[in-house]
Protein chains: 2
Amino acid sequence: MTVSKVTADAVKPSRPNGKEAVEGAADNATLQLGELSELLGYSLKRAQLKVFEDFLRCVAPLQLTPAQFSVLLLLDRNPGRNQTEIANTLGILRPNFVAMLDGLESRDLCARMRSANDRRSHILMLTDKGRAVLTRAKKLVASKHEARLNELLGPEGRVALLEMLSKIAMEF
Amino acid sequence: MTVSKVTADAVKPSRPNGKEAVEGAADNATLQLGELSELLGYSLKRAQLKVFEDFLRCVAPLQLTPAQFSVLLLLDRNPGRNQTEIANTLGILRPNFVAMLDGLESRDLCARMRSANDRRSHILMLTDKGRAVLTRAKKLVASKHEARLNELLGPEGRVALLEMLSKIAMEF
DNA sequence: TATTGTTATACTCTATAACTATA
DNA sequence: TATAGTTATAGAGTATAACAATA
């Protein structure tokens with residue numbers, strides 16, 4: 001703290017009397033976001049947090065995070081793939097994917113098995129329980145989570161949003 | 001690992017010969033995202049990472065993160081506020097805001113001063129250098145970062161996207 | 001008693017280097 | 001030598017409890 005030690009009165013509008021100034025408008029009211037509300041990244045981040053939060057709520061009975069759900073979905077769609085392939089596709093670093101798989105495997109949702117061709121790699125597959133949980137999760141996501149977003153944005157809005165986000169994710 | 005120990009050959013389509021199967025189409029090709037590409041939260045997250053990454057690149061000469069930029073913006077727009085008010089508005093927890101402010105203050109971008117009214121609170125303000133850096137940052141963000149998004153989405157697309165994201169952030 | 005700033009702490013994510021076993 | 005899975009580790013980001021100063 002080497003900054004000039006001006007007293008706060010130089011900044012704070014003096015209001016020694018009671019409740020609220022009239023002309024001052026918003027004093028102890030809500031803060032002004034200013035240019036922040038025009039910053040795409042800011043709204044993007046806040047929206048993402050809200051959506052993930054709701055995802056967790058909706059899928060809470062199955063105890064799945066968005067990341068775990070995405071792994072199960074990918075395993076279901078891409079049988080016979082190894083850890084590196086799945087992790088790369090999801091943008092997860094291989095070292096970090098190990099603990100994640102340990103968690104899913106310990107809950108008997110998926111399984112690793114040594115490839116017969118290349119004994120270095122682990123082929124990943126869903127277990128029967130994993131498939132069952134995935135099916136239930138998909139239903140919860142569709143009927144509760146995505147349905148709520150649909151309600152807020154309208155079907156057209158939701159599709160338009162998804163398209164633009166995908167475009168950013170892939171081309172930006 | 002209590003799962004049935006089937007050999008991987010049961011899963012992997014046998015292709016003992018050379019390069020690529022014809023009818024198999026995508027074998028060692030790109031993985032199928034499947035329902036993942038319909039999951040709003042997934043694209044939201046991937047897009048957010050891309051946008052933050054680009055923000056950091058564009059504003060790299062000033063060494064500001066998105067979070068730091070948002071603090072500077074907010075201080076500029078809301079002089080005379082204390083740490084709790086600024087932190088709450090940005091969704092930052094007060095304990096975590098301390099180190100963040102320490103960083104900005106040590107670079108002489110902002111300053112805390114004890115309030116004359118309530119000697120518990122620290123009134124926050126930008127320093128002259130903070131204002132100068134903010135001005136330069138805003139220019140970089142507008143001319144490089146947001147301009148690039150504008151190019152990708154079109155002006156109307158960008159506005160539509162911003163509106164929907166704000167709606168989610170505030171009403172979801 | 002309640003609030004502001006703070007410290008300490010813990011837990012999750014993310015990122016990099018290096019080891020092992022296989023190729 | 002190169003690659004797949006793994007370990008160890010370090011750094012952000014985020015969360016909660018508790019303390020000192022002040023109200």
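Numbered from 1 within each chain, the chains take letters A, B, ... in sequence-line order. For clarity, every value in this text was computed on a predicted model and none was experimentally measured.
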Proximal nucleotide (of D:dG5, C:dT6, C:dA23) relative to the A:R120 side chain: C:dA23
Between atom CD in B:Q83 and atom P in C:dT3, what is the gap in whole Å? 17 Å
DNA chain C contacts made by residues 65-76 of chain B, counting heavy atoms under 4.0 Å: none
Base, sugar-phosphate, or nothing for B:D118, non-hydrogen atoms under 4.0 angstrom? sugar-phosphate
Give a yes or no answer on whether the side chain of B:K129 reaches the backbone of B:D108 with a donor-acceptor pair at less than 3.5 Å. no
Nearest to the side chain of A:P95, which nucleotide is it out of D:dT6, C:dG5, D:dT3? D:dT6
Hey, is the main chain of B:L109 close enough, under 3.5 Å, to the side chain of B:T127 for a donor-acceptor pair? yes
Can you check the B:E85 CD to C:dT3 P distance for me, whole Å? 14 Å
Rounded to whole angstroms, how far apart are CG on B:L93 and C1' on C:dT7? 15 Å
Looking only at the side chain of B:H122 (C-beta and beyond, no hydrogens), which of the listed nucleotides D:dA4, C:dT6, C:dT4 gets closest? C:dT6
Rounded to the nearest angstrom, tell me the gap between atom CZ in B:R114 and atom P in D:dA21. 10 Å
Main-chain N/O of A:S115 paired with A:R120 side-chain donor or acceptor, under 3.5 Å: no
Spacing between B:N96 atom CG and C:dA10 atom P, to the nearest angstrom: 15 Å
Side-chain donor-acceptor pair present, A:R94, A:N88, cut-off under 3.5 Å: yes
Spell out, as yes or no, whether a donor-acceptor pair under 3.5 Å connects the side chain of A:S70 to the backbone of A:A67. yes
Within the distance-only criterion (no hydrogens, no angle test), does the side chain of A:R112 pair as donor or acceptor with the backbone N or O of A:S121 below 3.5 angstrom? no
With a non-hydrogen cut-off below 4.0 angstrom, is A:R119 in contact with a base, only sugar-phosphate, or nothing? sugar-phosphate
Rounding to an integer number of Å, can you tell me how far B:I123 CD1 sits from C:dT4 P? 11 Å
Mind calculating the distance between CZ (B:R94) and P (D:dA17) to the nearest angstrom? 13 Å
The test is salt bridge (Lys or Arg N to Asp or Glu O under 4.0 Å); show your working for A:E53 and A:R57 and say whether it passes. CA-CA 6 Å; A:E53 202 178 286; A:R57 258 197 310 271; 3.7 Å; yes
Given atom CG of A:L56 and atom P of D:dA15, what is their separation to the nearest angstrom? 12 Å
If only side-chain N and O atoms of B:T84 are considered, is one of them under 4.0 Å from the OP1 or OP2 phosphate oxygen of C:dG5? yes
Nearest to the side chain of A:K45 - D:dT14, C:dG5, D:dT6? D:dT14
